[in-house]
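A quick note: this is a predicted structure, and the numbers were derived from the prediction, not measured.
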Amino acid sequence: VEPYELSELLTFHEAFIEINQSISDKLLEKYGQTNTWTNTLVEHLPIGEILNANVRYDKHRSDMELEARINNTPLTSGMMMSGQKIIGTGDIVDKHAMKVLNSLKKIYENKYDVKGATFSIYLGEFFMVMCLLISVFLFLKYFRTDIFKQLHCINFILLMMTLFVAGAGLIASKHGNISFIIPFVLLPIFLRIFLDSRLAMYVHVITIIIVSFFAYSSQLFVLLHIPAGMIAIISLVHLTRRIQIVRTALMVVICYIVTYTGYTLWRTGEWDSINASFFIMFAINGMLLLLSYPSIYVFEKMFGFLSEVTLVELADTNGA
């Protein structure tokens, strides 16, 4: 009914101390500082017994008041004229522009009932993914017939694609931005080591396109990971030493940094818009690529592959 600041109210303990101090001050003022009995009198007063709270929290009424204020809060702010340009190509997306774009998204969803058309959206995604997967099988059938006829190779390719797509989908539902978290370059590295360079590049591109459906920025995501995959494949033409994995990881990190910097400057034209924390994520992503070397042995045992690394180790006559 009446507004009060929280600082105007006292707790039970604060009120007890203030009353005691007030009585002591009055007695000392009247009878002087030499009368020590005033402190004894105050200590024996039953203030704590007669002191009761006269302000209590009413949760039900507070919830009703909060709900009423929320319901009365306007859902719109500002106004846009019909045909007014919201943002142009290359313009910086500031807070106001982002607010307008989010409002436009809500209007679009309400107009076309996007939430109610969930089944249609999933069906459209299914058709696109099926077309991409069919293109992989057609590539194998007409260009790599030897691999197409080997079931364990097909299973390996599908397992790799499924792991990366499912992992990206799971992280995207929790984090939102998956462009810098998952080491997608591991996919072409494994396919290059066990199968073929052309196949590794083709499957990598298809997988990145599929994952870009739910990436935060599809354009940046594709531009980041496709060149990085190319660099990884080129640097591992003949994998015979562990140091090559380290070199590949370093080259991939440099590719990420250069691509991200170039993309950001192209979109904004300002050096200040570059997020330096992404460089740390790129370095962590590159370090995760080092896991590819110990994983070679695991996949060899699972799918019966024989990599160049194993052949070099078997040919080493100095081994035990």
Side-chain angles (χ1 to χ4, degrees), residues 86-87 89 93 97-144 147-148 151 153-192 195 198-230 232-233 256 259-260 263 267 278 281 285 288:
I86 298 176
I87 192 169
T89 304
V93 182
M98 180 59 70
K99 188 175 182 180
V100 175
L101 292 173
N102 287 331
S103 300
L104 181 62
K105 177 183 176 183
K106 292 180 181 179
I107 294 174
Y108 178 84
E109 290 177 349
N110 293 332
K111 180 178 180 180
Y112 294 99
D113 192 19
V114 174
K115 295 182 180 179
T118 304
F119 176 77
S120 300
I121 294 175
Y122 288 153
L123 186 63
E125 293 177 350
F126 173 77
F127 286 150
M128 289 190 292
V129 172
M130 286 303 300
C131 288
L132 293 171
L133 290 177
I134 290 173
S135 69
V136 173
F137 281 98
L138 291 175
F139 179 85
L140 291 171
K141 180 177 177 61
Y142 290 103
F143 297 99
R144 290 308 309 268
I147 296 178
F148 184 76
L151 182 59
C153 293
I154 300 296
N155 291 336
F156 176 70
I157 295 172
L158 294 178
L159 175 64
M160 290 292 99
M161 295 181 67
T162 302
L163 286 177
F164 281 95
V165 173
L170 180 62
I171 295 179
S173 62
K174 303 295 183 180
H175 188 270
N177 192 348
I178 59 175
S179 299
F180 319 113
I181 300 175
I182 304 176
F184 289 97
V185 180
L186 281 175
L187 174 63
I189 288 178
F190 287 137
L191 294 178
R192 164 62 194 90
L195 297 176
R198 288 189 303 166
L199 177 62
M201 190 66 247
Y202 193 87
V203 174
H204 176 62
V205 171
I206 295 298
T207 305
I208 293 301
I209 293 175
I210 294 175
V211 177
S212 67
F213 293 161
F214 45 84
Y216 179 76
S217 175
S218 299
Q219 188 180 48
L220 175 59
F221 180 80
V222 172
L223 291 176
L224 272 177
H225 293 289
I226 289 182
M230 294 178 179
I233 293 173
Y256 278 141
T259 304
Y260 168 73
Y263 177 84
R267 297 297 297 175
F278 287 167
M281 297 183 184
N285 200 311
L288 293 176

Which atom of Leu187 lies closest to which atom of Met160, heavy atoms considered = CD1-CB, 3.3 Å

On a heavy-atom basis, the closest approach of Val211 and Ala168 is CG1-CB, 3.6 Å

Quick one: side-chain contact (heavy atoms from CB on, under 4.5 Å) partners of Val136, sequence neighbours excluded?
-> Leu140, Tyr202, Val203, Ile206

When rounded to the nearest 0.5 angstrom, what is the spacing between CD1 in Ile147 and CD1 in Ile154?
-> 8.0 Å

Nearest-0.5 Å distance, CG of residue Leu163 to CZ of residue Phe190 | 10.0 Å

Please lay out, stage by stage, how Leu191 and Met201 fare under the test side-chain contact (heavy atoms from CB on, under 4.5 Å).
-> CA-CA 9 Å; Leu191 294 178; Met201 190 66 247; over 6 Å; no

Go through Phe148 and Phe139 one step at a time and tell me if the side-chain contact (heavy atoms from CB on, under 4.5 Å) criterion holds.
-> CA-CA 9 Å; Phe148 184 76; Phe139 179 85; over 6 Å; no

Only one of Tyr260, Tyr256, Tyr263 passes ring pair (Phe, Tyr, Trp, His ring centres under 6.0 Å) with Phe278, and that residue is Tyr260

Correct closest heavy-atom pair for Ile157 and Leu199 would be CD1-CD2, 3.8 Å

Please examine the side chains of Ile210 and Phe164, heavy atoms only from C-beta on, and report whether any two atoms are closer than 4.5 Å.
-> no

For Ser218 and Ser212, indicate whether the former's side chain and the latter's backbone hold a donor-acceptor pair under 3.5 Å.
-> yes

Considering all heavy atoms, the nearest His204-His225 contact | NE2-O, 2.8 Å

Met128 CE to Leu133 CG distance, which is reported to the nearest 0.5 Å | 12.5 Å

Note: Val185 and Gly229 closest approach over all heavy atoms is CG2-N, 4.3 Å

With a 6.0 Å cut-off on ring centres, are Phe184 and Phe221 close enough?
-> yes

Shortest non-hydrogen contact from Pro188 toward Ala200 | O-CB, 3.6 Å

